[in-house]
A.B. asks: 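Here it is, the structure, as structure tokens.
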Amino acid sequence: MDKTLRDADVLRVADVEKTFTLHNQGGRVLPVIQGLTFNLAPGQCLALRGPSGAGKSSVLRMIYGNYRTPKGHIQVRHGQGGDGNGAAASWVDVARATPQEILMLRRDTIGYVSQFLRVLPRVATLDLVKDPLLRLGRGDGAAEERAVSLLSRLNIPDRLWSLSPVTFSGGEQQRVNLARGFAHAYPLFLLDEPTAALDAANRRVVVELIQEAKAAGSAVVGIFHDTEVRDAVSDRGLDIEDYQWSGAAA
Amino acid sequence: MTAENQALLRVRDLGKSYGGIIGCAEVTFDLWPGEVLAVVGESGSGKTTLLRLLHGQLTPDRGDVCFRDRSGDMVDVHKMSEPARRLLTRTDWAFVHQNPRDGLRMAVSAGGNVGERLMAIGARHYGQIRENALDWLARTEIDAARIDDLPATFSGGMQQRLQIARNLVTQPRLAFMDEPTGGLDVSVQARLLDLLRGLVQELGLAAVIVTHDLAVARMISHRMVVMQRGRVVESGLTDQVLDDPQHAYSQLLVSSVLRP
């Protein structure tokens, strides 16, 4: 961990480069991005823009540590000082972090909501939403209260809460995923098309959740295909195509 | 530094050959308390050899395996006395076989199978042993009414859950599992996996799980090593290895999975 970065940012991405090498398809190299650089402060929302396949989701996955970052730095500020355990903030470079550090970041600092719920068989919806809070050591009562409030706001009928979302519709699964994703006030949210399968009423709820998180100091990096949602939540945009692979090293 | 920040198992340059054939070579990793490590690879890749070397059932040609005991000391698994190692396998360690028949005593009742491990570490009070056995049958979702039945009368999934109860009753800190869901129907697998996941989380158990099933690995493990011809060709966070595999063999494994 690097303790020398002292400013108020939550995320500092510097000169990030990514390619995929397909060893079983003749070693073909798929270029993704090069020279990606941006900073993000608390309460800010950055919208990643660009056509499908430009690498927007790959960027979110690299910040989450789901994809490897072969070159560049992704510094995430971990620990707010005021989180109750008195730990001073430090910086973790996701590009070089150990698996243990990345798991710690995912528990405390980075929330990731994708379009799809990876469903675990047999786990009840309510428990799925409570889980991130219980992992943080919150009491069962507080976790349940938060989970009930989110599921209600996202219009998941309470008769479904005790069921596994395996058989839910796509939209219901996405809303369960959102409830789980927003259960904890992560300092950094990564949102990959959070409203893709939602109707207008539920889209409005998600916009409110994002605005509330920002007001509480969370930073957001998002991909929003819905321009209405994007305009309502984002403070600035970043065109991924500006960082397309040019072939030569930057 | 607290125990939480120290490796529970430290493996360095572990190797074993059978004649001229490599069983396992140059394996090095640390396992942390509460961490689940999946070892994946196809048949013959050295997964089970590695597991047996870690557990002390096989003696390595080179390298060492050290375990942090309850007093915080690192002990070399292959240099300790046989009685000391056997005590470890009965108390702080669990070993779950693919075939429950290899891990259960088939001529002893379900309750006896669970109670036996307690008696092996000195429990003598019959009522308490039975109560403990009942508790573990419940935690592994086996009907209390079956406590006096022989495991042979159980289904495969129940036998596997009984093997897990028998292993976890002594509250081990480290479990070794060899294809724990291997011989089970898919519907039974899901139940066992969910149970294992819950128990691992609840008990803060560390585990090394050998599996050829990448979906099992994704669901239950934090970290993964990919083995090919006895060597670790890739390691990392489980979702990272599965979603962005770097090595040609890992890419082949991931792309060969059929998704329903």
Side-chain angles (χ1 to χ4, degrees), chain A residues 1 18-30 32 55 57-70 74 85 94-107 110 112 114 116 118-124 127-128 130-132 134-137 140 164 166 192, chain B residues 4-8 29-38 141 181 186-198 201-202 204 206 215-216 218-225 228 233-256 259:
Chain A
M1 286 186 212
K18 179 69 178 170
T19 56
F20 291 104
T21 305
L22 309 178
H23 292 291
N24 299 297
Q25 292 175 52
R28 264 185 65 199
V29 177
L30 297 180
V32 185
S57 293
S58 293
V59 170
L60 291 190
R61 285 166 177 260
M62 282 191 281
I63 298 171
Y64 198 54
N66 175 227
Y67 282 179
R68 296 186 204 234
T69 303
I74 298 177
N85 59 23
V94 177
R96 282 159 191 74
T98 63
Q100 288 80 16
E101 286 173 327
I102 291 177
L103 291 174
M104 177 185 75
L105 280 178
R106 291 179 183 180
R107 186 192 63 201
I110 311 178
Y112 173 71
S114 72
F116 306 104
R118 199 177 278 284
V119 182
L120 301 168
R122 293 214 314 160
V123 180
D127 292 332
L128 216 52
K130 282 163 68 177
D131 180 59
L134 297 179
R135 281 171 194 266
L136 280 160
D140 191 69
S164 157
V166 176
D192 192 345
Chain B
E4 296 300 301
N5 298 325
Q6 294 179 313
L8 185 65
F29 68 85
D30 288 330
L31 185 73
W32 300 79
E35 185 179 52
V36 179
L37 176 76
E141 303 172 7
T181 61
V186 178
S187 60
V188 180
Q189 265 190 25
R191 179 178 188 184
L192 188 80
L193 270 177
D194 179 45
L195 182 81
L196 272 178
R197 225 172 42 89
Q201 210 170 316
E202 187 187 325
V216 166
R218 189 192 284 273
M219 190 165 150
I220 203 162
S221 69
H222 303 107
R223 215 148 51 87
M224 174 181 278
V225 298
Q228 182 192 27
V233 296
E234 184 163 355
S235 66
L237 271 179
T238 294
D239 62 89
Q240 200 178 58
V241 175
L242 291 175
D243 295 337
D244 188 13
Q246 304 293 306
H247 190 273
Y249 180 66
S250 316
Q251 291 186 354
L252 184 66
L253 272 187
V254 171
S255 64
S256 303
R259 289 195 183 80

A.B. asks: Measure from the side-chain N and O atoms of Gln251(B) to the backbone N and O of Gln25(A), and report whether any donor-acceptor pair falls under 3.5 Å.
C.D. replies: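 Not confirmed, Gln251(B) side chain does not pair with Gln25(A) backbone.
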
A.B. asks: Could you grab the distance from atom OG of Ser255(B) to atom CG of Leu22(A), nearest 0.5 Å is fine?
C.D. replies: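 So the gap between those two atoms works out to 9.5 Å.
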
A.B. asks: Chain A: which of His222(B), Gln201(B), His247(B) shares the most heavy-atom pairs with it under 4.5 Å?
C.D. replies: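 The candidate making the most pairs under 4.5 Å is Gln201(B).
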
A.B. asks: Tell me, side chain or backbone of Tyr64(A) under 4.5 Å from chain B's heavy atoms, or both, or neither?
C.D. replies: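 Neither part; nothing is under 4.5 Å.
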
A.B. asks: Show the nearest heavy-atom pair for residues Gly65(A) and Gln240(B), with the distance to one decimal.
C.D. replies: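 Of all heavy-atom pairs spanning Gly65(A) and Gln240(B), the closest is O-NE2, 3.0 Å.
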
A.B. asks: Side chain from CB out, backbone as N, CA, C, O: work out which of these in Asp131(A) comes under 4.5 Å of a heavy atom of chain B, or both, or neither.
C.D. replies: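 Just its side chain gets close to chain B.
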
A.B. asks: How long is the span from the CZ atom in Arg223(B) to the OG1 atom in Thr98(A), to the nearest 0.5 Å?
C.D. replies: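 That separation rounds to 9.0 Å.
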
A.B. asks: Please look at Thr238(B) and chain A and tell me whether the side chain, the backbone, both or neither of the residue comes under 4.5 angstrom of a heavy atom of that chain.
C.D. replies: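 Neither part; nothing is under 4.5 Å.
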
A.B. asks: Measuring from atom CG of Leu103(A) to atom CH2 of Trp32(B), what distance do you get when rounded to the nearest 0.5 angstrom?
C.D. replies: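 The CG atom of Leu103(A) sits 12.5 Å away from the CH2 atom of Trp32(B).
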
A.B. asks: Considering only heavy atoms, which portion of Glu35(B) lies under 4.5 Å from any heavy atom of chain A: side chain, backbone, both, or neither?
C.D. replies: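 It is the side chain, since no backbone atom gets that close.
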
A.B. asks: Give the minimum heavy-atom separation between Asn66(A) and Asp239(B), together with the two atoms involved.
C.D. replies: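 Distance-wise, the nearest heavy atoms are ND2-OD1, 2.7 Å.
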
A.B. asks: Please say which of Arg61(A), Lys18(A), Arg68(A) ends up in a side chain to side chain donor-acceptor pair (under 3.5 Å) with Asp244(B).
C.D. replies: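 Exactly one pass, corresponding to Lys18(A).
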
